[in-house]
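Input: a single structure, listed below in C-alpha cells.
Scope of the values below: all heavy atoms of this structure, side chains included, with no hydrogens, waters or symmetry mates. Order of listing sets the numbers, starting from 1, for every ligand and every atom in it.
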Amino acid sequence: MKKTSVVCIVLLAGLFHGCAPKDNIILHEKWPFPVGVAVPGARTNNGNLSVKTADALNTGSPQHKLLKHFNVLAAENEMKPYAIMPASIPSENNWSSSYNWIDADRLVSYAQKNSKLLRGHVLIWHDQTPAWFFQGNGTLGRATIEELYLRMENHIKTVFEKYGGTIAWWDVCNEVVDHTSGGPRQDSNYTRIMQDAGKLGSDRYEYVVKAFEWARKYADLNGGQNVKLFLTDYGIERRFPGEARSKIDEFEVLVKYLVDNNAPIDGIGFQGHFRLYDHTPEEIGRGIDRFSEVNGKKMMIQICELDISVYSNTKNEANNTDMSDDILKERLTDLAAFYREYFDMFEQKYREGKLDLVLIWGIADGHSWLNNHPVTDRTDHPLLFDRKYQPKEAYWVLVK
Ligand code: 9MR
C-alpha cells in the first residue's frame, strides 16, 4: 500500500471517531535501532540559566506525554559545560563539589525510572562553556595549553566520577572543524590556545586525542567500561555543491589523526541538522559509508541531533521568516516523506552494522532551536510534533 493511503486511512479513522487521531503507536517500537530525543529542560539557552522553557520532565506537561515515543534521552542543554560548571574557576581540589548537577540529575533519574537510555552531550565544546575555562596566563589573557589541559582533565574526571557508566554514550568533542576555512574551527578558544602553543600542524588536534584519552580513562575508573565515546559535528556528511575543499575533508584529516594516535574513539555523531530538498538521504548514506571505517578502524555512526527545516536554501529561502499556508501544507507532506526516506536509509545502515542510534533534536516544533536559526524569530516546523503537541504527518509515516 502507498504511504499516502496509509496516512489517509489513519486520519479518516480518527475523524470517524470524531476526534484527531491519537499518537497511540509508539515510535521507537517501530524501528530496530533506538530512537531518541533531546529534552528541553527547565532552564536553558544562551548562558541565561534563569530562563524558563517548556519543561518536558514535568508530568502532565504536553511535551511529557510525547516522551513515550523515545527510548533514549539527551539533555538539550543541561549537561553542557556552562550548565554544570560553576561561574568561576574552582580551586584545584574542589571541582566536583562546585558543580551544579540539579538539572542533569533530574534527567538522569527520570531516564532511570522510565527505562530509557541516556546520551551525554557534551564534554568538550567551544560554545556554551564559561569564559574562565579559557582564561589564564597565556597570550592575550587566554589560558596556556597547560592550564587548558588541566581544566579539560578536571572537567572530564568530574563528570565521570559523577555519572560513571550511567550514560551510555558521550559526545566527547563537538564541532572541532571549521565549516568554511577547511581547517580547525576558527571561532574556538581551543583552536586559539593550540595556535598560541605553536601547534599548527596535525598536532592542532592534540587536545582532541587527550580529551578521548581522559574520557576513556575516567569512564573506566568509574565503572563506565561500556560507555561509548563519540566525536560529533554538522556538515560532515556530504560535500557542499561547488566546494573545492569541504568541511568533510578536514574532518577526515581529524579522524585519521585520532585513529593514527590511538585515541579511544568509538564512533562519529552526525548532528543531522538537515533542510528539506537541500540534503538527500543518498548523500547522507554515502557519508555514513565514508566514515564507518577510517584507516582500518571501525566507527559506529549515530545521528545525534536530527531535525529537518522546512526552509530550503535550494529554493532561496535562507532568510525567509514565513511561508504561505498552501506552501506550508505541501512542505509538511514532503517533510514526512523525507523523514521516512531518511529512516529507511538509517535502517539499511543499521542492518549493515554501520549505525546504531538516531536521536531527534527536540520534541515539538514550538521549542526547536530552528525557530531562531539561521534567522531570529522565524516559524519553522522541523520535528514530528507540531506547536500544539499533535502528531504531524512525519510522525504517521514513521509509525506505519
Ligand atoms: O538546541 C540548543 C539550543 O537550545 C541552544 O540555545 C544552543 C546554543 O548554542 O544549542 C543548541 O543545541 C546545539 C547543540 O548543542 C550542538 N549542535 C548544534 C545544536 C543547535 O544549535
(message) Using a 4.0 Å cutoff against the non-hydrogen atoms of N174, which atoms of ligand 1 qualify?
(response) 16 (C)
(request) Would you tell me which option among Q128, H121, H273 has the nearest heavy-atom contact to atom 15 (O) of ligand 1? (result) H121
(message) Please enumerate all residues that pass ring pair (Phe, Tyr, Trp, His ring centres under 6.0 Å) together with W95, with sequence neighbours excluded.
(response) W132
(message) Is the distance from the ring center of Y99 to that of H155 below 6.0 Å?
(response) yes
(request) State the atoms of ligand 1, each with its element, that fall below the 4.0 Å cut-off from a heavy-atom position in N77. (result) 2 (C), 3 (C), 4 (O), 5 (C)
(request) Could you tell me whether W369 and ligand 1 have an N or O pair separated by under 3.5 Å? (result) no
(message) For H373, which part has a heavy atom under 4.0 Å from ligand 1: side chain, backbone, both, or neither?
(response) neither
(request) Apply the test ring-ring contact (aromatic ring centres under 6.0 Å, His included) to residues F338 and F274: give CA-CA distance (whole Å), side-chain angles for both, the deciding distance (0.1 Å), then the verdict. (result) CA-CA 10 Å; F338 255 64; F274 301 144; 9.3 Å; no
(request) Report the part of W361 in contact with ligand 1, treating N, CA, C, O as backbone and CB onward as side chain, heavy atoms under 4.0 Å; options are side chain, backbone, both, neither. (result) side chain
(message) Applying side-chain hydrogen bond (donor to acceptor under 3.5 Å, both in side chains) as the test, list every pair that has at least one member in residues 195-217; sequence neighbours left out.
(response) R142-D196, Y149-E206, E153-W214, K199-E206, R204-E250, Y205-E250, R216-D220
(request) Heavy-atom contacts with D127 under 4.0 Å: which atoms of ligand 1 show up? List them by number with element. (result) 9 (O)
(message) My understanding is that we take every heavy atom of each candidate and find the minimum distance to atom 13 (C) of ligand 1. Doing that for H367, K80, M79, E175, which one comes out nearest?
(response) K80
(message) Does ligand 1 come near enough to E76 that some N or O of the ligand is less than 3.5 Å from an N or O of the residue?
(response) yes
(request) Could you tell me whether a side-chain N or O of K297 sits under 3.5 Å from a main-chain N or O of N262, the two making a donor and an acceptor? (result) no
(message) Using a 6.0 Å cut-off, check whether atom CG of N226 has over 12 heavy atoms from anything other than its own residue.
(response) no
(request) Of the side chain and backbone of V122, name the one, both, or neither that has a heavy atom under 4.0 Å from an atom of ligand 1. (result) neither
(message) When you compare the side chain of Y110 with that of H64, does any pair of heavy atoms fall below 4.5 Å?
(response) yes
